[in-house]
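Some notes on the structure that comes next.
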Amino acid sequence: DAGVIQSPRHEVTEMGQEVTLRCKPISGHNSLFWYRQTMMRGLELLIYFNNNVPIDDSGMPEDRFSAKMPNASFSTLKIQPSEPRDSAVYFCASNLRGPLHFGNGTRLTVT
Amino acid sequence: RKEVEQDPGPFNVPEGATVAFNCTYSNSASQSFFWYRQDCRKEPKLLMSVYSSGNEDGRFTAQLNRASQYISLLIRDSKLSDSATYLCVVNPRQNTGFQKLVFGTGTRLLVSP
């Protein structure tokens, strides 16, 4: 039973570069969430989708961040251009009314 | 005021001890509450839901106090494997079918031999 799958696990990039994070939710789940976790701010909800439609993107920090969900089995979170303050662990999670199931996360370091 | 607040700890306890964490929330209309556990460099995982009447799962007991707007987690007979960060989670909205969960920053527990 595959869980939420995220890629890459680690990403190191230079300031100004574009970064794309990927997520495959659990099959049958109709909601998908992108979170960012830092020591200072904890887990912050960036955006969530229901049935592939963005419902609330109020947590997206600024226009440099964008997210898409072209179909029920795939979502991307893009940062362009990246900045050092974007360094964090980015989690994708999915659910179908029940508890959230998180992926392993992508640890992003922007130098 | 933060929507969900927790004491970051760490709580250092010996094996076998009983330890309790509290978490306060600001939205009195919040409907659902959870405790998640997060191990170092891992993803959060659901530990237990918190029901109005309180609930128990083995060594773990969760309580909800709506009047004072806090939830608690009690761990009895602590094990080394309980060492982790415990995240308090609140759904501040009415039940719309969407779980826009708000996470606390977590309480770190260290259980020593």
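In what follows, every chain begins at residue 1, and chains take the letters A, B, ... in the order their sequences are listed. For clarity, every value in this text was computed on a predicted model and none was experimentally measured.
Taking chain A as the reference chain and counting heavy-atom pairs below 4.5 Å, the highest number among B:Lys45, B:Lys42, B:Arg41 is found for B:Arg41.
Under a 3.5 Å cut-off, the side chain of B:Asn55 and the backbone N or O of B:Ser49 do form a donor-acceptor pair.
Neither the backbone nor the side chain of A:Glu44 has a heavy atom closer than 4.5 Å to any heavy atom of chain B. In this structure, chain B has a heavy atom under 4.5 Å from the backbone of A:Arg41, while its side chain stays farther away.
B:Tyr86 OH to B:Cys23 SG: the interatomic distance, rounded to the nearest 0.5 Å, is 15.0 Å.
B:Glu15 places none of its side-chain heavy atoms less than 4.5 Å from the side chain of B:Asp82.
Using a 4.0 Å cut-off between charged nitrogen and carboxylate oxygen, A:Glu83 and A:Arg64 count as a salt-bridge pair.
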